[in-house]
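All remarks here apply to the structure that follows.
The shown structure was predicted, so the numbers you read here are calculated from the model rather than taken from an experiment.
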Amino acid sequence: MGSHRRLAPSGFDRGASTALCVMSAAAAALGVAPATATPHDDTRAKVDRLYEEAEKATEAYNRADERADKLRDQVGAAQDRIARQQERINSMRDAVGSLAGAQYRSGGLDPSLALLLSDDPADYLDKAATLARISARQAGELRDLQEAMRELAQDRAEVAGTLAELEKSRKAVASHKRIVERKLAQARRLLNSLTETDRAAYGRASRSGRDFMPDFGSAVPPSGRAAAALAAAHSALGKPYVWGANGPSGFDCSGLIQWSYAQAGVSLPRTSQAQRYAGRQVPVSEAQPGDVVTYRDDASHVGMYVGNGQVIHAPYPGAPVRYDPVGMMPGATVTRV
């Protein structure tokens, strides 16, 4: 998933400084020297690039989907509030109507109350001279009714705006979904263009030896919640990468981190970009098990540090949740939740 490199030498647990990147270095893992690169090497590099582009689109999809969920919640709450407000206004109109009926029976309908029952009570309140002709109780109830109607109109306008924003977010979700699916389809076509032997070699270069429990060293998580999240992440080992998924049967990269911390009772944002700032950033050299490690300048990939220079993460379609060297990608930043 994109070009990988070693991290700069740091104080990571033993082994971090010798971590090799594996995705974009697939050709090297296959024992092919750059000077003798073949068309198959170029195909594998294109596949890696497409997976990286798909992952970025996946995080954009997650971001738009998260926004749409929040907007739907806002719309639902506002619609409930509007319904309650409408009931209140209906009750207030009934009360005002009762006053008007009583006045009519006692000697005719006061012109002021006729205005009161109009569709726009503000017309009445604007005529200050008329206020003298109704009781203090009637004036107070009318003012309450006018304020309630003003609030109702404002709520309805806000809901209309939120619905428009929700529709934009829905379109963004659909757009990013199409991009992801197109990138993944292109990657599959390229992989299918390889011979069976080359496909198997690509699989070995991208997966071999990282689905077992490595030596995590003696480092311990900095908190109980980090320990619980780390245990959850370990339990997801071998689960498939499913773009847009956040468990428990499949994960994308940020979905794994969000789910793992949710098992520890901690609510993290959905996207890797937001997860980068979901806690206190610490130097890479001070990473501890359970810390969140984001990659690339745009934080489009994320994993969890497990100790001894290793992370656990959901790499890309076709590669299940696994362990990899912490230096597998450039631009690593560490966040302690």
Flag the pair [X] and [Y] as a salt bridge only when some basic side-chain nitrogen lies within less than 4.0 angstrom of an acidic carboxylate oxygen.
X      : Y      : answer
Glu181 : Arg178 : no
Arg296 : Glu55  : yes
Arg322 : Asp324 : yes
Lys168 : Glu165 : no
Arg72  : Asp69  : yes
Asp80  : Arg84  : no

For a quick test of reading the model, state the closest non-hydrogen atom pair linking [X] to [Y] and the distance between them.
X      : Y      : value
Asn308 : Gly217 : CB-N, 3.8 Å
Pro315 : His301 : O-CE1, 3.8 Å
Tyr305 : Val311 : CA-CG1, 4.0 Å
Tyr277 : Gln281 : CE2-NE2, 3.7 Å
Pro325 : Tyr295 : O-OH, 4.5 Å
Cys253 : Ser300 : SG-O, 4.0 Å

Using only atom types and a distance under 3.5 Å, with no angle test, would you say the side chain of [X] pairs donor to acceptor with the backbone of [Y]?
X      : Y      : value
Gln85  : Ala153 : no
Lys239 : Pro248 : yes
Ser175 : Ala172 : no
Gln275 : Pro269 : yes

Working for side chain to side chain contact (heavy atoms under 4.5 Å, CB included), residues Thr335 and Asp291: CA-CA 6 Å; Thr335 301; Asp291 286 348; over 6 Å; no

Under 4.5 Å between any side-chain heavy atoms of [X] and [Y], yes or no?
X      : Y      : result
Pro222 : Arg336 : yes
Val334 : Val292 : no
Pro289 : Leu230 : yes
Lys177 : Val180 : no
Asp252 : Tyr316 : no
Arg67  : Leu166 : no
Tyr241 : Thr58  : yes
Val284 : Thr333 : no

Could you walk me through whether Arg81 and Glu158 satisfy the side chain to side chain contact (heavy atoms under 4.5 Å, CB included) test, starting with their C-alpha distance in whole Å, then the side-chain angles of each, then the deciding distance to 0.1 Å, before giving a yes or no? CA-CA 12 Å; Arg81 187 169 63 250; Glu158 290 176 358; 4.3 Å; yes

Show, in sequence, the C-alpha distance, side-chain angles and deciding distance for Arg170 and Glu167, and conclude whether the salt bridge (Lys or Arg N to Asp or Glu O under 4.0 Å) test is met. CA-CA 5 Å; Arg170 284 172 175 163; Glu167 184 59 26; 3.7 Å; yes

Distance in Å, [X] [atom1] paired with [Y] [atom2], rounded so as to fall on 0.5 Å steps:
X      : Y      : atom1 : atom2 : result
Thr43  : Arg189 : OG1   : CZ    : 13.5 Å
Thr162 : Asp73  : OG1   : CG    : 11.5 Å
Gln79  : Gln74  : CD    : CD    : 12.0 Å
Asp65  : Lys70  : CG    : NZ    : 11.5 Å
Leu184 : Glu53  : CG    : CD    : 11.0 Å
Asp198 : Thr195 : CG    : OG1   : 3.5 Å

Does Leu194 form a side chain to side chain contact (heavy atoms under 4.5 Å, CB included) with Leu191? I'd like the steps, not just the answer. CA-CA 5 Å; Leu194 297 173; Leu191 284 174; 4.1 Å; yes

Other residues, nucleotides and ligands only: do more than 12 of their heavy atoms fall within 6.0 Å of CD on Glu147?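 Enclosed.
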
Under the criterion side chain to side chain donor-acceptor pair (under 3.5 Å), I'd like the reasoning laid out for Arg156 against Gln86: C-alpha separation, chi angles, the key distance, then a yes or no. CA-CA 11 Å; Arg156 283 177 170 161; Gln86 186 64 64; 3.0 Å; yes

Does one hydrophobic cluster hold both Ile179 and Val242, with members joined at side-chain heavy-atom distances below 4.5 Å?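 They do not share one cluster, since no chain of ILVMFWY contacts under 4.5 Å joins Ile179 to Val242.
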
Enumerate, atom names and distances included, each donor-acceptor pair closer than 3.5 Å involving a side-chain atom of residues 254-265, sequence neighbours excluded.
{"from": "Ser254", "atom 1": "OG", "to": "Glu59", "atom 2": "OE1", "distance (Å)": "3.1"}
{"from": "Ser254", "atom 1": "OG", "to": "Glu59", "atom 2": "OE2", "distance (Å)": "2.9"}
{"from": "Ser254", "atom 1": "OG", "to": "Arg270", "atom 2": "O", "distance (Å)": "2.9"}
{"from": "Ser254", "atom 1": "OG", "to": "Arg270", "atom 2": "NH1", "distance (Å)": "2.9"}
{"from": "Gln258", "atom 1": "OE1", "to": "Asn246", "atom 2": "ND2", "distance (Å)": "2.9"}
{"from": "Gln258", "atom 1": "NE2", "to": "Leu268", "atom 2": "O", "distance (Å)": "3.2"}
{"from": "Ser260", "atom 1": "OG", "to": "Leu256", "atom 2": "O", "distance (Å)": "2.8"}
{"from": "Tyr261", "atom 1": "OH", "to": "Gly290", "atom 2": "O", "distance (Å)": "2.6"}
{"from": "Gln263", "atom 1": "NE2", "to": "Trp259", "atom 2": "O", "distance (Å)": "2.9"}

So Asp298 and Lys56, side chain to side chain contact (heavy atoms under 4.5 Å, CB included) or not? Walk me through it. CA-CA 9 Å; Asp298 60 358; Lys56 292 181 179 182; 3.2 Å; yes

Please work out which of the three classes, parallel, tilted or perpendicular, describes the rings of Trp243 and Tyr61, given edges at 30° and 60°.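 Tyr61 vs Trp243 ring planes: perpendicular.
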
Do the two ring centres, one from Phe216 and one from His234, sit under 6.0 Å apart?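 Close enough - the centres of the two rings lie under 6.0 Å apart.
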
